[in-house]
Structures are given as structure tokens and as C-alpha cells.
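Reckoned from all heavy atoms, side chains included, excluding hydrogens, waters and symmetry mates. A quick note: this is a predicted structure, and the numbers were derived from the prediction, not measured. Heads up: numbering here begins at 1 and tracks the sequence.
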Amino acid sequence: MAMLAVLIPVLMLGVVLALGRYEDLLLPGADPAPDGPDAAAARPPTSSPGPAGTPASSP
């Protein structure tokens with residue numbers, strides 16, 4: 001029983017890693033973003049900007 005408690009998590013980790021590799025082979029993503037000084041300018045922003053100031057006061 002102790003061997004099962006040791007082997008099952010290790011085997012499940014192997015299954016998860018194997019499925020991740022299989023997914024990468026099955027569904028190849030886009031090319032990775034370029035690395036360099038212009039890389040930050042080439043990437044689109046990931047979130048919307050915050051509010052543009054304080055809200056108007058109530059009358």
C-alpha cells in the first residue's frame with residue numbers, strides 16, 4: 001500500500017507532462033514573441049488602461 005501512495009502521484013505527474021507535450025504537438029501555437037530592445041513595443045497591451053482621472057463630483 002505504501003508503494004501505491006508513492007507511485008500514483010509520480011505516475012500522474014508523468015501523465016500530465018505527457019499530455020502537455022502531446023497538446024503542444026497537436027496544437028502548435030503562434031511563434032513566440034521576439035526578444036530584443038523593440039520587443040516591448042511590438043507586443044500589444046495585455047490589459048485595458050485604468051481610469052483617466054478622478055470621477056466628476058456630485059452637484
Margin query: My understanding is that a hydrophobic cluster links ILVMFWY residues whose side chain heavy atoms are under 4.5 Å apart, including indirect links. Using that, what else belongs to the cluster containing L13?
Written below: L17
Note to self: Using the rule that Ile, Leu, Val, Met, Phe, Trp and Tyr join whenever any side-chain heavy atoms are under 4.5 Å apart, tell me whether Y22 and V15 fall into a single cluster.
What the structure shows: no
Checklist line | With sequence neighbours excluded, residues passing side chain to side chain contact (heavy atoms under 4.5 Å, CB included) with L4 | finding: M1, I8
